[in-house]
Asker: 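If you scroll down you'll find the structure; I have some questions about it.
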Amino acid sequence: MTSQNIRQQFLDYFKEKGHQIVPSAPIVLKDDPTLMFSNSGMTQFKDYFLGYKEPKSSRIADTQKCLRVSGKHNDLDDVGRDTYHHTMFEMLGNWSFGDYFKKEAIQFAWELLTEVYKIPKENLYVTIFEGDASENLERDQEAFDFWKANISEDRIINGNKKDNFWEMGESGPCGPCSEIHVDLRTEEEKAAVSGLDLVNNDHPQVVEIWNLVFMEFNRKADGSLEKLPKKHVDTGMGFERLCMALQGKKSNYDTDVFTPLIAKVEELSGKKYTGILEDEKDIAIRVVVDHIRAVAFAIADGQLPSNGGAGYVIRRILRRGISYAYRFLGMKEAFLYELVAILKAEMGEFFPELVKQEKLVTEVIREEEVSFLKTIEHGLKRIDLVINETLSKNEKTLPGTAVFELYDTYGFPADLSRIIAEEKQLTVDEAGFEEEMNKQKQRSKKSSAQKVYDWVVLEEKAESFVGYDQTETETYITRYRKVENKDGEFYQIVLSKSPFYPEGGGQVGDKGILIPSYAEGFDISNPSVSSITDFSEIIEVLETRKENNLIVSLIKEMPKDAGAVFYAKVNESERKNTQANHEALRDVLGTHVEQKGSFVGPDYLRFDFSHFSKMDDEQLKIVEEKVNAKIKENIALQEFREIPITEAMEKGAMALFGEKYGDKVRMIQFGSSKELCGGTHVKHTGEIGHFKIQNESSTAAGIRRIDAISGDQSAAYFRNLETQLKEISSLLKSKDLTKSVEKLIGENSSLKSEIESLKKEKAKSETSNWANDFVQKEDKKLLVKKVSLDAGSVKDIVFQLKKDIPNSVIIIVSDAEGKPMITVGVSADLESKYHAGNIVKDLAKEIQGGGGGNPGFATAGGKNLEGIENACQKALSL
């Protein structure tokens with residue numbers, strides 16, 4: 001049975017049981033502040049469990065892409081070293097939202113495994129929650145009774161809270177769970193040791209394949225549990241492990257989920273995979289085929305490798321794969337990108353994003369590989385310097401700080417540093433490395449740490465967004481909570497009616513004010529800010545975001561009466577500029593290239609798109625002209641709210657890269673341009689005013705970026721240019737600026753040539769004077785001179801003296817332009833005895849600097865001008 005058959009049978013079974021089959025959500029999360037990636041099948045349904053959204057069906061089934069590489073759920077270190085851990089994996093799941101519960105979930109699982117997949121019943125064990133007195137939670141007797149109808153009692157095992165009480169994170173939906181484990185050992189192995197003793201003991205052939213979670217609690221921020229409004233079922237079955245069981249394999253990597261990828265790696269590397277756990281070559285192949293899946297799916301879902309956040313995680317996974325291939329497979333050239341086509345062929349039918357984004361994924365991985373392989377070469381040179389310095393001191397341990405710098409600054413894997421050190425009979429200062437790593441983690445944790453308290457609900461009522469039609473409205477606070485971060489203490493509030501647009505789709509969230517009805521001088525029936533006599537009552541809205549389907553606005557302090565009626569007012573000038581930028585971005589550029597990211601704010605817009613070469617000035621000019629032509633047409637906005645997504649796509653609407661859409665969407669149309677978008681827009685393109693591109697650059701492999709301005713910012717840009725031109729014209733006393741500047745450049749070039757000639761003449765004069773200043777030092781003549789000449793003049797003098805004075809060492813210490821510099825020259829006949837580079841390194845310590853060179857000539861710069869005298873004295877005593 002192929003992996004494609006296994007996946008399809010699962011979906012078909014639950015479709016027959018009345019479940020709606022839905023596609024996998026993106027592996028990268030953009031609207032959940034608690035997670036970077038989907039780490040379980042239930043992530044996309046969290047709003048349903050919390051009651052924030054109504055599910056499209058009370059019964060759903062799917063296969064969800066998951067990634068576990070950080071935080072509580074982190075499998076990265078185990079990947080490649082065993083048979084069943086992965087970074088990216090598929091989670092087959094069936095869901096009940098207030099419909100069936102334990103009885104049906106258990107019956108479905110047992111029937112599918114034993115009757116459809118025909119796993120022998122004697123190979124299965126189940127676990128149930130044994131209870132936890134500290135949380136006042138009882139043993140799950142109900143689950144035990146239902147299982148007892150299918151499996152003998154001696155195969156039902158009590159499990160503790162760690163194994164049998166499932167929680168997605170520190171807070172959120174949770175509940176007792178029941179795991180199903182399969183014993184894949186031989187009959188002889190089973191006879192020797194009972195499977196009962198191996199369940200949940202990390203045995204590679206006695207593994208958990210399915211977890212049935214009975215979601216009935218919500219973990220609050222204070223750690224307490226409260227009952228959810230409805231009971232739900234959340235199940236997750238490891239697809240890769242299921243394939244191992246059904247295909248009779250001892251390792252996930254021996255299934256057809258991975259064997260096509262492994263075969264390609266064998267072909268490209270010339271190395272044979274044997275499946276041995278401890279073999280470094282086999283570990284490397286497992287790492288490569290696992291990591292390419294994680295990286296490819298992340299890029300296909302919209303997350304490009306970068307130096308921060310989720311992008312940093314993806315880059316680290318990719319670099320881990322590259323470094324394993326480099327070290328153990330001898331792959332010195334980029335090759336992982338060639339695996340994308342194999343991955344698409346194997347999984348593209350179920351995950352069409354791989355087909356659609358194949359070119360982008362391939363190019364991004366290839367360019368990342370090429371770049372990092374250069375880093376490895378650069379890192380090897382740097383670690384050689386560290387090793388040589390360590391050996392020169394007769395030490396046997398590489399400093400942990402140096403190894404961490406290689407890892408953190410240059411992306412050079414720490415385990416590669418360890419291997420190279422071992423080859424030189426050296427060790428790494430692990431304590432020092434860990435200390436630096438912990439410091440970095442603390443810095444990162446401190447900068448991003450945020451304590452979030454539980455919501456205080458003032459009124460249970462559906463909240464709504466009215467910001468498409470209104471920028472101000474009467475409203476009240478339905479709930480609030482306190483948050484604490486590095487900037488202080490704040491409050492998040494949710495309004496019954498919010499005109500504030502929440503950050504999303506690349507557009508920044510609205511700012512504005514809340515005016516309480518009790519503000520002195522304010523009449524809410526006839527609102528006017530100018531009538532207020534006590535402005536201290538006005539509350540500033542600092543930002544607006546969307547979380548779990550709630551529009552959340554941030555304020556510094558809670559009003560003295562949270563239950564009052566308020567008047568919410570958007571900062572219209574910022575909204576107006578943001579809308580102008582939004583439209584310039586979407587209307588024209590979006591129809592010509594495939595968008596890969598954006599930022600839309602009141603001051604500027606940023607547009608990322610797939611392209612593999614720099615746009616020249618003429619191309620940028622054409623784009624500007626096209627945008628401004630559309631602006632002049634003053635095209636009217638056509639808005640379609642709550643349109644079925646299928647209808648929108650049939651109309652030709654553009655879906656944005658990496659965005660997740662529901663069954664009903666909002667479609668925006670300006671002329672022939674149609675797009676799925678939740679952002680705010682101008683009513684006519686003419687409101688944009690003017691569009692100006694300021695910069696075009698590369699932001700990632702295969703991704704270009706345009707920064708531009710429009711509206712008021714564009715007008716201000718041209719006003720500023722006009723002012724600058726007038727000032728320059730006044731300074732040059734000319735209206736023909738081009739001619740005046742050309743004349744100035746010519747005069748400047750002439751003067752520079754004249755100055756260089758004068759410097760050389762002065763150098764010749766100095767050389768003849770200095771020839772008499774040498775002193776005899778044993779077998780050599782030594783000149784130590786303190787001057788204020790520039791570097792070029794000093795170099796000319798030193799080379800002339802080296803030529804004219806045999807058996808000479810020349811040391812010139814300069815303080816030109818207030819910067820200390822040391823120059824050392826050694827005549828050719830002494831180069832075998834004295835090394836200018838070594839001399840200058842020694843002297844540079846006095847000026848807190850560094851440098852180097854060859855045996856005949858070397859220079860060093862420094863920071864400490866006061867050290868010049870010490871350098872001169874040291875030079876005389878060498």
Asker: Do the side chain of Thr43 and the main chain of Ser40 share a donor and acceptor less than 3.5 angstrom apart?
Answerer: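 Flag set: sc Thr43 to bb Ser40 pair under 3.5 Å.
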
Asker: Heavy atoms only: give me the nearest Ala310-Gln303 pair and the separation to one decimal.
Answerer: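 Scanning both residues completely, I find the closest heavy atoms to be CB-OE1, 3.5 Å.
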
Asker: Specify whether Phe10 and Phe14 have parallel, tilted or perpendicular ring planes, treating 30° as the upper limit for parallel and 60° as the lower limit for perpendicular.
Answerer: tilted

Asker: Please name the residue in the list Lys511, Arg545, Lys546 that meets the salt bridge (Lys or Arg N to Asp or Glu O under 4.0 Å) test with Glu503.
Answerer: Arg545

Asker: Before accepting this row, confirm whether a basic side-chain N of the pair Glu104/Lys17 lies closer than 4.0 Å to the acidic partner's carboxylate O.
Answerer: no

Asker: Kindly say whether Glu346 contributes a backbone atom to a donor-acceptor pair with the side chain of Gln4 at under 3.5 angstrom?
Answerer: yes

Asker: To the nearest 0.5 Å, how far apart are OG in Ser496 and CD in Glu474?
Answerer: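 Reported to 0.5 Å precision, the distance equals 8.5 Å.
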
Asker: Below 6.0 angstrom between ring centroids: does that apply to His19 and Tyr100?
Answerer: yes

Asker: Taking the side chain as C-beta and beyond, is there a heavy-atom pair between Leu225 and Cys174 under 4.5 Å?
Answerer: yes

Asker: Show your reasoning for whether side chain to side chain contact (heavy atoms under 4.5 Å, CB included) applies to Leu354 and Leu343.
Answerer: CA-CA 8 Å; Leu354 279 179; Leu343 193 62; 4.1 Å; yes

Asker: Assess whether side chain to side chain contact (heavy atoms under 4.5 Å, CB included) is satisfied between Ile539 and Ile513, documenting all intermediate values.
Answerer: CA-CA 6 Å; Ile539 301 158; Ile513 56 174; over 6 Å; no

Asker: Tell me if the centroids of the rings in Phe465 and Phe500 come within less than 6.0 Å of each other.
Answerer: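 No, the ring centres sit 6.0 Å or more apart.
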
Asker: Can you find a side-chain donor-acceptor pair between Tyr468 and Glu639 that sits under 3.5 Å?
Answerer: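 Judged by distance alone, the side chains do not pair up.
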
Asker: What are the two closest non-hydrogen atoms of Phe670 and Thr685, and how far apart are they?
Answerer: CD2-CG2, 3.6 Å

Asker: Under 3.5 Å, side chain of Ser57 to main-chain N/O of Ile60, donor-acceptor pair present?
Answerer: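 Side chain of Ser57 to backbone of Ile60: no pair is present.
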
Asker: Between Thr471, Ile551, Val570, Val541, which is the residue that forms a side-chain contact (heavy atoms from CB on, under 4.5 Å) with Asp510?
Answerer: Val570

Asker: Check whether any side-chain N or O of Asn218 sits under 3.5 Å from a backbone N or O of Leu228 as a donor-acceptor pair, and report yes or no.
Answerer: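 No, the answer is negative, given that no donor and acceptor are paired below the 3.5 Å cut-off.
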
Asker: State whether the number of non-hydrogen atoms from other residues, nucleotides or ligands found under 6.0 Å of Lys56 atom NZ is greater than 12.
Answerer: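 Result for NZ/Lys56: enclosed.
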
Asker: Can any side-chain N or O of Asp301 pair as donor or acceptor with the backbone N or O of Pro26 at less than 3.5 Å?
Answerer: no

Asker: Can the ring centroids of Tyr480 and Trp455 be said to lie less than 6.0 angstrom from one another?
Answerer: no

Asker: Checking Ser96 side chain against Arg59 main chain: does a donor-acceptor pair fall under 3.5 Å?
Answerer: no

Asker: If you measure from CG on Leu514 to CZ on Phe566, what distance do you get to the nearest 0.5 Å?
Answerer: 6.5 Å

Asker: Would you confirm whether Arg219, through its side chain, and Glu167, through its main-chain N or O, come within 3.5 Å as a donor-acceptor pair?
Answerer: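 Here the side-chain-to-backbone pair does not exist.
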
Asker: Any side-chain heavy atom of Gln9 within less than 4.5 Å of one from Val116?
Answerer: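 Yes; the side chains approach each other to less than 4.5 Å.
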
Asker: Do Gln492 and Ser553 make a side-chain contact, defined as non-hydrogen atoms from C-beta onward lying under 4.5 Å apart?
Answerer: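 Counting from C-beta outward, Gln492 and Ser553 never come under 4.5 Å.
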
Asker: Could you pull out the closest heavy-atom pair between Ile27 and Ala298, with the gap in Å?
Answerer: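 Distance-wise, the nearest heavy atoms are CG2-CA, 3.7 Å.
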
Asker: Can you classify the ring geometry of Tyr48 versus Phe97 as parallel (below 30°), tilted (30 to 60°) or perpendicular (above 60°)?
Answerer: perpendicular

Asker: Compare every heavy atom of Ala300 with every heavy atom of Val361, then report the nearest pair and how far apart it is.
Answerer: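 Scanning both residues, the minimum pair turns out to be CG2-N, 3.8 Å.
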
Asker: Within a 6.0 Å radius of atom NZ on Lys482, are there more than 12 heavy atoms belonging to other residues, nucleotides or ligands?
Answerer: yes

Asker: Is it true that Gln44 and Asp62 share a donor-acceptor pair across their side chains at a distance under 3.5 Å?
Answerer: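 Their side chains do contain a donor-acceptor pair, which is all the 3.5 Å distance test asks for.
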
Asker: Between NE2 of His684 and CD1 of Ile631, what distance do you get to the nearest 0.5 Å?
Answerer: 14.5 Å

Asker: Measure the CZ-CD1 distance between Arg666 and Ile645 for me, rounded to the nearest 0.5 Å.
Answerer: 15.0 Å

Asker: Under 4.5 Å between any side-chain heavy atoms of Val494 and Ile477, yes or no?
Answerer: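 No, side chains not in contact.
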
Asker: Below 4.0 angstrom, N of the basic side chain to O of the carboxylate: do Lys356 and Glu358 qualify?
Answerer: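 Result for this pair is no, no salt bridge flagged.
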
Asker: Quick one: does Asp454's side chain have a donor or acceptor within less than 3.5 Å of a partner on Lys220's backbone?
Answerer: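 Such a contact is absent between Asp454 side chain and Lys220 backbone.
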
Asker: Indicate yes or no: does Asp12 engage Arg7 in a salt bridge with an N to O separation below 4.0 Å.
Answerer: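 No, this pair does not count.
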
Asker: Just wondering, do Glu572 and Glu472 contact through their side chains at under 4.5 Å, heavy atoms?
Answerer: yes

Asker: Is the number of heavy atoms from other residues, nucleotides or ligands under 6.0 Å of Glu54 CD greater than 12?
Answerer: no

Asker: Going by atom types alone, do Ser24 and Thr63 pair a side-chain donor with an acceptor below 3.5 Å?
Answerer: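 No - no donor-acceptor pair under 3.5 Å links their side chains.
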
Asker: Where do Val257 and Arg293 come nearest, in terms of heavy atoms and distance?
Answerer: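 Heavy atoms only, the tightest pair is CG1-NH1, 3.4 Å.
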
Asker: I need the Ile6 CD1 to Met237 CE distance, nearest 0.5 Å.
Answerer: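 Taking CD1 in Ile6 and CE in Met237, the distance rounds to 9.5 Å.
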
Asker: With a 4.5 Å heavy-atom cut-off, do Gln8 and Phe350 have their side chains touching?
Answerer: yes

Asker: Going by atom types alone, do Thr478 and Glu463 pair a side-chain donor with an acceptor below 3.5 Å?
Answerer: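 Distance-only check passes for Thr478 and Glu463.
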
Asker: I'd like to know if the side chain of Trp210 pairs up with that of Thr235 as donor and acceptor (distance under 3.5 Å, no hydrogens or angles considered).
Answerer: yes

Asker: Say whether, by atom type as modelled, one donor and one acceptor occur between the side chain of Thr87 and the main chain of Leu67 under 3.5 angstrom.
Answerer: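 Such a contact is absent between Thr87 side chain and Leu67 backbone.
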
Asker: Could you walk me through whether Glu540 and Ile555 pass side chain to side chain contact (heavy atoms under 4.5 Å, CB included), step by step?
Answerer: CA-CA 6 Å; Glu540 184 180 2; Ile555 59 177; over 6 Å; no

Asker: For Arg481, is there an ion pair with Glu547 - N to carboxylate O distance below 4.0 angstrom?
Answerer: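 Here Glu547 pairs with Arg481 in a salt bridge, since their nearest N and O are under 4.0 Å apart.
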
Asker: Apply the test side chain to side chain contact (heavy atoms under 4.5 Å, CB included) to residues Tyr13 and Phe108: give CA-CA distance (whole Å), side-chain angles for both, the deciding distance (0.1 Å), then the verdict.
Answerer: CA-CA 9 Å; Tyr13 174 83; Phe108 289 153; 3.7 Å; yes

Asker: Can you tell me how far the SG atom of Cys66 sits from the CE atom of Met42, to the nearest 0.5 Å?
Answerer: 11.5 Å

Asker: Compare all side-chain heavy atoms of Asp234 with those of Phe45 and state whether any distance is below 4.5 angstrom.
Answerer: no

Asker: Please examine the side chains of Leu554 and Thr544, heavy atoms only from C-beta on, and report whether any two atoms are closer than 4.5 Å.
Answerer: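 They are not in side-chain contact.
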
Asker: Using 4.0 Å as the upper bound for N to carboxylate O, is an ion pair formed by Glu353 and Lys65?
Answerer: yes

Asker: Using modelled atom types only, decide if a donor and an acceptor are shared between the side chain of His232 and the backbone of Lys230 within a distance under 3.5 Å.
Answerer: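 Between the backbone of Lys230 and the side chain of His232 there is a qualifying donor-acceptor contact (under 3.5 Å).
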
Asker: Looking only at heavy atoms, which two atoms of Ala562 and Leu458 are closest? And how far apart?
Answerer: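 That closest heavy-atom pairing would be O-CD1, 3.8 Å.
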
Asker: Quick check, are the ring centers of Phe89 and Phe239 under 6.0 angstrom apart?
Answerer: no

